[in-house]
Student: 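My structure is below; once you've seen it, I'll send some questions.
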2 protein chains.
Amino acid sequence: MTIRMTTLLQRTRLLFRAHICHRTAIATSVNLFQGPCSVSLRSHTCGELRPEHAGEKVALYGWVQYLRQDLFVILRDYSGLTQVLISQDDGSLKEKLGELTVESVVKVTGTVRRRPEGQENTNMPTGDIEVLAENLEVLNTCRKLPFEIKDFVKKSEALRMQYRYLDLRSTRMQQNLRLRSQLSMRMREYLCHQHGFVDVETPTLFKRTPGGAKEFLVPSREPGRFYSLPQSPQQFKQLLMVAGVDRYFQFARCYRDEGSKPDRQPEFTQVDIEMSFVEQAGVMALVEGLLQYSWPPELGGLSQPFPCITYSEAMRDYGSDKPDTRFHMKVLECVCVCMCENYLNNYYQPQMGILGILRNLKINLSVLAVRPEGTLKSPLSKHLSPSDTEGLLGETRARPGDLLLVSACSLHTVRPLLGKLRLQCAELLEARGVALRDPTAFHFLWVVDFPLFLPKEGEPGSLESAHHPFTAPVAQDAHLVYTEPLQVRGQHYDLVLNGCEVGGGSIRIHKAAEQLHVLKNILKEDVSVLSHLLEALDSGAPPHGGIALGLDRLISLMVRAPSIRDVIAFPKSFRGHDLMSQAPDYVSEEDLKPYHISVTWPPAKTEEK
Amino acid sequence: MTIRMTTLLQRTRLLFRAHICHRTAIATSVNLFQGPCSVSLRSHTCGELRPEHAGEKVALYGWVQYLRQDLFVILRDYSGLTQVLISQDDGSLKEKLGELTVESVVKVTGTVRRRPEGQENTNMPTGDIEVLAENLEVLNTCRKLPFEIKDFVKKSEALRMQYRYLDLRSTRMQQNLRLRSQLSMRMREYLCHQHGFVDVETPTLFKRTPGGAKEFLVPSREPGRFYSLPQSPQQFKQLLMVAGVDRYFQFARCYRDEGSKPDRQPEFTQVDIEMSFVEQAGVMALVEGLLQYSWPPELGGLSQPFPCITYSEAMRDYGSDKPDTRFHMKVLECVCVCMCENYLNNYYQPQMGILGILRNLKINLSVLAVRPEGTLKSPLSKHLSPSDTEGLLGETRARPGDLLLVSACSLHTVRPLLGKLRLQCAELLEARGVALRDPTAFHFLWVVDFPLFLPKEGEPGSLESAHHPFTAPVAQDAHLVYTEPLQVRGQHYDLVLNGCEVGGGSIRIHKAAEQLHVLKNILKEDVSVLSHLLEALDSGAPPHGGIALGLDRLISLMVRAPSIRDVIAFPKSFRGHDLMSQAPDYVSEEDLKPYHISVTWPPAKTEEK
């Protein structure tokens with residue numbers, strides 16, 4: 001063995017051998033052009049052959065969707081179906097066909113031809129042609145599957161999750177994943193190319209937020225020390241503004257440990273955006289442009305700007321801070337009706353079938369129907385004076401055939417309850433065939449002017465942030481932060497789509513003294529854990545603000561999926577389980593040792609251990 | 001309080017009010033056009049004004065970089081610097097200037113004008129103009145910083161990490177983050193638009209891999225059950241191929257708990273790619289196209305295809321499976337030299353200063369210099385017969401002035417050691433001023449035909465995967481998997497750049513029986529934990545393969561950064577700490593309770609508890 005070193009300078013130039021490796025032997029067969037067949041073994045996908053390809057030799061790869069009449073193989077890939085004809089003269093091909101099972105993976109080489117006249121299938125984009133097989137190679141056989149891969153076959157949610165790799169073969173799931181990818185790409189183009197944003201990845205192994213009960217913990221190899229998986233990159237995005245990054249975005253993986261909550265996922269994705277030198281109107285305009293630019297054309301156009309209402313208006317008119325504005329039926333406050341509140345509190349006995357659902361709301365409610373002649377039909381009506389009745393009809397502008405649902409209680413209590421009632425009534429009406437909401441409509445809505453602080457539940461006199469402690473007050477209210485914090489509106493904006501919150505953001509506090517006052521004097525937080533953020537604000541922090549859009553929710557609304565699980569490739573179950581791999585799973589004590597932790601088994605379960 | 005429901009169908013159309021909110025009041029001032037000033041308060045960035053803007057009223061926002069002669073403020077943002085002139089006639093402006101501190105954030109409104117002749121600064125892209133201030137507003141003052149924000153100021157690594165938000169203000173870090181964002185975007189365009197790839201997000205809360213000692217654990221709320229943060233989306237990418245997704249990519253966050261390792265990060269990003277119906281040559285061609293498409297033009301072109309050598313060739317010629325091919329100095333195997341191995345094993349005493357570094361290698365090495373007249377100068381030479389000497393000079397083609405480093409041992413041992421020696425010699429020569437490697441060169445190299453299995457260290461007779469158990473054998477060797485597994489080459493390919501591994505991938509096993517054989521009979525794994533993958537392969541899995549590129553490493557090589565920490569916004573320290581926020585941190589016992597874990601304090605540390 002010898003190593004040779006050329007110490008002479010003139011000989012240090014690298015001399016490459018023309019290396020021969022496996023690759024050169026097969027490289028000639030690689031299609032270097034663009035498109036879905038580039039660098040692939042196939043010549044075409046299963047969805048692209050048309051009459052103009054007649055006569056061409058093709059190599060198709062796909063799954064056996066159907067076997068028909070011992071004559072046809074219907075081949076499937078993500079792009080569609082192609083009919084393959086097996087010649088009855090070729091004994092070896094016929095034999096292979098006899099042994100084929102559905103969902104096996106095959107390679108077919110053959111020639112494209114027009115189907116005989118009258119045999120075209122107009123329901124199939126490739127229905128004018130078929131491929132006359134010259135060879136058929138089985139690349140992998142498929143066992144008997146737990147369910148058929150046919151779009152019309154109903155599967156239970158549990159089965160779909162356990163065999164997700166089969167469930168994803170459905171047309172709907174293929175479309176959902178592809179739409180998600182395309183939408184994400186369009187959003188990136190808009191942010192990067194049109195508005196100069198920088199895609200910055202921030203850590204997910206971070207420090208625990210004080211009181212961050214919803215944060216997953218990650219034990220480190222140092223005894224007693226834990227990382228935390230953050231609920232959002234909030235601190236990092238603000239620090240990036242202090243760092244002069246100017247415009248940041250990230251498709252950020254976020255984590256939230258809420259135990260079992262329907263249609264929530266322990267990990268989810270948000271389109272996270274932050275900008276320097278911007279005001280609320282700027283962020284809102286940016287997001288409107290973002291959605292317009294990335295919106296799939298087949299869903300129809302989006303008109304802009306989006307409607308915008310204040311939090312107070314939303315609570316007053318809809319009893320909700322995320323109103324579904326696809327239908328009317330607003331909540332009305334009637335000051336003219338002088339009724340005995342006690343009476344109302346004790347009155348309600350639902351009598352009409354359509355209102356059976358209302359029992360769950362546990363509110364005291366009076367039902368008043370407007371008769372054709374304009375009088376009120378209700379057990380309550382006899383308690384109303386003629387002027388009360390007139391006032392009520394006048395204020396509500398109720399017409400014959402309308403139904404009035406009247407309740408009385410403190411605004412704080414009754415508004416959210418009537419808001420829920422409004423949505424339940426809509427569902428009930430739609431279940432009865434009333435086309436209340438246009439199923440193809442997308443109603444975006446901004447909600448602004450949220451209160452900055454709310455009374456802390458169960459702790460009279462204490463306040464908590466309505467959203468998070470970094471939101472700046474509305475300029476006109478800034479002085480009230482020091483005197484009447486409950487009166488302060490925040491520069492916070494929520495984006496609502498069809499009654500679901502799909503985004504939220506704010507202009508942030510950018511001055512250390514103001515942030516310190518909020519954290520220390522108003523929220524009574526231990527400021528030492530946020531000292532790095534306070535120091536950063538004191539180091540030349542620019543005015544900044546941003547927003548986060550919930551990507552999973554947004555896409556699930558776009559494709560009208562019943563659950564966000566339908567737009568996530570491998571979602572967790574209600575209980576946070578991966579039903580395919582059985583995560584989370586037990587871990588040996590040996591594996592826990594490096595992390596200096598041990599399991600504290602609850603008493604009842606000790607025997608199971 | 002009244003809720004009104006319109007039960008009449010014809011009245012269910014939504015009527016929107018024209019809502020008035022804060023936004024409308026300021027929306028008129030929002031620039032809705034594209035570019036870095038869209039939806040912003042500024043009219044221009046600090047880097048874009050040129051003589052053609054002379055006479056324009058502008059609003060600039062930025063940081064105070066310099067204060068000069070009580071006359072000038074040099075304003076900075078990510079895009080550059082602009083000189084602002086404070087009129088000496090305006091007393092209020094002069095006063096503000098007197099109170100300004102560097103790194104404070106200010107808004108300047110004023111008029112652009114050409115600088116007086118002779119005062120242009122050709123080193124500054126905006127050096128032909130200045131802005132005559134009409135107003136100056138301090139948006140945030142800056143405290144005394146721990147270090148100056150000047151590119152020439154040297155900071156310790158620890159200080160940079162503690163005040164990362166200041167460190168990121170440097171020109172170099174701004175460029176690195178922006179290049180990373182641009183490169184990522186170009187890669188996405190290539191994959192999505194040119195080759196039909198689908199961006200699919202896969203979970204990071206997953207099941208622990210058996211023996212996955214490098215996986216972080218995440219306790220769940222179910223006693224004893226843990227999620228695991230995967231080292232790569234390997235299983236998911238393969239399942240997506242079984243699911244018919246056809247072409248998948250993801251910029252995937254991956255996790256690896258290796259304790260303290262220099263220049264490794266507990267979380268990192270890989271460009272994760274998988275395709276169906278493809279062979280090794282296809283994946284390699286795709287990656288070459290990907291890098292060519294996304295390569296920053298200012299770094300020079302990339303010639304294609306990349307050179308390709310086999311693992312055997314790499315080990316033979318470079319003593320490494322990731323050779324630095326920017327310089328020659330190959331390892332040579334000399335069969336003609338018949339020397340006593342014992343002699344060599346006992347001989348080496350380094351005598352030349354240039355080889356002092358070799359002591360660390362702990363190998364027995366002979367040094368032979370070729371004299372001008374062609375004879376060998378070495379203590380070893382008297383042990384060599386004239387024909388040995390002649391043979392050695394002939395085989396090595398050594399010329400006068402060359403230095404031969406000769407060692408003898410088993411190939412398995414000596415090759416990697418001579419490979420390291422080769423790199424150390426290169427560093428040593430370069431430290432002495434020998435321009436061995438072109439610092440602007442980018443040498444990509446494929447290494448292929450790795451062995452599929454290796455003998456397991458410390459367990460004679462046992463085998464382990466050279467890469468991972470899902471790699472398919474080279475077709476010609478497939479039958480050897482059942483008879484002579486150590487002779488099998490894998491369809492694995494590594495991408496090397498300038499001697500660093502920047503990517504690795506393989507064609508995968510797509511048949512369940514073959515995968516079961518590898519897992520059960522060769523690797524002796526508990527197959528029950530991978531039953532979902534085996535079931536998936538049995539459900540119509542297409543032939544497939546892919547690759548993962550290490551994005552952090554790739555970009556750090558592109559920008560010639562000394563560490564991957566220079567291309568990550570918020571990296572962890574050697575010890576895995578976030579020096580800014582002090583993560584990982586202690587967590588209260590109360591916070592651990594929901595996860596049914598407790599800290600097992602090591603004996604020595606019990607008192608500290």
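The sequence lines fix the lettering, A, B, ..., with proteins before strands; numbering per chain opens at 1.
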Student: Contact part of Arg221(A) toward chain B, heavy-atom cut-off under 4.5 Å: side chain, backbone, both or neither?
Tutor: side chain

Student: Side chain, backbone, both or neither: which part of Pro203(B) has a heavy atom under 4.5 Å from chain A?
Tutor: both

Student: Measure up the Phe277(B) and Tyr61(A) rings against each other and bin them: parallel (under 30°), tilted (30 to 60°), perpendicular (over 60°).
Tutor: tilted

Student: Could you tell me whether Asp538(A) and Arg143(B) have a side-chain N and a carboxylate O separated by less than 4.0 Å?
Tutor: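 Between Arg143(B) and Asp538(A) there is no salt bridge, as every charged N stays at least 4.0 Å from the carboxylate O atoms.
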
Student: Could you tell me which portion of Leu145(B) (side chain, backbone, both or neither) has an atom closer than 4.5 angstrom to a non-hydrogen atom of chain A?
Tutor: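 For Leu145(B), the contact with chain A is made by the side chain alone.
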
Student: Could you look at Val200(B) and say if it's the side chain, the backbone, both or neither that has a heavy atom under 4.5 Å from chain A?
Tutor: side chain

Student: With a 4.5 Å limit on heavy-atom distance, are the side chains of Tyr586(A) and Arg225(B) in contact?
Tutor: yes

Student: Compare all side-chain heavy atoms of Tyr255(A) with those of Val218(A) and state whether any distance is below 4.5 angstrom.
Tutor: no

Student: So which of Arg188(B), Arg178(B), Glu103(B), Lys511(B) has the biggest tally of heavy-atom pairs under 4.5 Å with chain A?
Tutor: Arg188(B)

Student: Would you mind checking which part of Asp578(B) comes under 4.5 Å of any heavy atom in chain A, side chain (CB onward), backbone (N, CA, C, O), both or neither?
Tutor: side chain

Student: Is it the backbone or the side chain of Phe236(B) that comes under 4.5 Å from a heavy atom of chain A, or both, or neither?
Tutor: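 Both backbone and side chain of Phe236(B) come within 4.5 Å of chain A.
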
Student: Evaluate the side chain to side chain contact (heavy atoms under 4.5 Å, CB included) criterion for residues Tyr227(B) and Lys572(A): first the C-alpha distance (whole Å), next the side-chain angles of each, then the deciding distance (0.1 Å), finally the verdict.
Tutor: CA-CA 12 Å; Tyr227(B) 296 105; Lys572(A) 301 284 192 296; 3.7 Å; yes

Student: Which answer fits Ser220(B), side chain, backbone, both or neither, if we ask what part of it has an atom under 4.5 Å from a heavy atom of chain A?
Tutor: side chain

Student: Measuring heavy-atom distances to chain A, does Gln174(B) have an atom under 4.5 Å in its side chain, in its backbone, in both, or in neither?
Tutor: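 When you check distances to chain A, only side chain atoms of Gln174(B) fall under 4.5 Å.
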
Student: Can you tell which part of Pro543(A) gets under 4.5 Å to a heavy atom of chain B, answering side chain, backbone, both or neither?
Tutor: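 Contact with chain B is through the side chain of Pro543(A) alone.
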
Student: Let's test your reading of the structure: which of Ala569(B), Gly35(B), Gly196(B) forms the most heavy-atom pairs below 4.5 Å with chain A?
Tutor: Gly35(B)

Student: Output yes when a side-chain donor or acceptor of Glu267(A) lies under 3.5 Å from a complementary backbone atom of Leu205(B), and no otherwise.
Tutor: yes

Student: At a heavy-atom separation under 4.5 Å, does Leu166(B) approach chain A through its side chain, its backbone, both, or neither?
Tutor: side chain

Student: Could you tell me whether a side-chain N or O of Ser104(A) sits under 3.5 Å from a main-chain N or O of Cys142(A), the two making a donor and an acceptor?
Tutor: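 Yes; judged by distance alone, with no hydrogens or angles, the pair exists.
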
Student: Of the listed residues (Pro266(B), Gly540(B), Cys192(B)), which shares the most heavy-atom pairs with chain A below a 4.5 Å separation?
Tutor: Gly540(B)

Student: Under the 3.5 angstrom rule, does the side chain of Asp199(B) hit a backbone N or O of Ser184(A) as a donor-acceptor pair?
Tutor: no

Student: So for Tyr595(B), is it side chain, backbone, both, or neither that comes closer than 4.5 Å to the heavy atoms of chain A?
Tutor: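 For Tyr595(B), side-chain heavy atoms alone lie under 4.5 Å from chain A.
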
Student: Which atoms of Met580(B) are under 4.5 Å from chain A, going by heavy atoms: the side chain, the backbone, both sets, or neither?
Tutor: both

Student: Just give me the residue among Leu592(B), Val283(B), Leu217(B), Leu168(B) that pairs up with chain A most often, heavy atom to heavy atom, under 4.5 Å.
Tutor: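 Most heavy-atom pairs within the cutoff with chain A belong to Leu217(B).
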
Student: Examine whether an atom of Ile568(B) lies under 4.5 Å from a heavy atom of chain A, and if so say whether it belongs to the side chain, the backbone or both; otherwise answer neither.
Tutor: neither

Student: Under 4.5 Å from any heavy atom of chain A, what part of Gln235(B) do you find: side chain, backbone, both or neither?
Tutor: neither

Student: Based on non-hydrogen pairs under 4.5 Å, which of Tyr163(B), Phe206(B), Phe226(B) is most in contact with chain A?
Tutor: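 Result: the option with the highest number of such pairs is Phe226(B).
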
Student: Name the option with the most non-hydrogen atom pairs under 4.5 Å to chain A; the candidates are Gly224(B), Ala541(B), Pro594(B), Ser276(B).
Tutor: Gly224(B)

Student: When you measure from the side chain of Arg42(A) to the backbone N and O of Pro36(A), does any donor-acceptor pair fall under 3.5 Å?
Tutor: yes

Student: Can a cation-pi geometry be assigned to Arg247(B) and Tyr78(A), taking NZ or CZ under 6.0 Å from the six-membered ring centre and within 45° of the ring axis?
Tutor: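 The answer is no, since Arg247(B) fails at least one limit relative to Tyr78(A).
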
Student: Between the main-chain N or O of Leu139(A) and the side-chain N or O of His510(B), is there a donor-acceptor pair closer than 3.5 Å?
Tutor: yes

Student: May I ask you to decide if Ala583(A)'s main-chain N or O and Arg208(B)'s side chain share a donor-acceptor pair within less than 3.5 Å?
Tutor: no

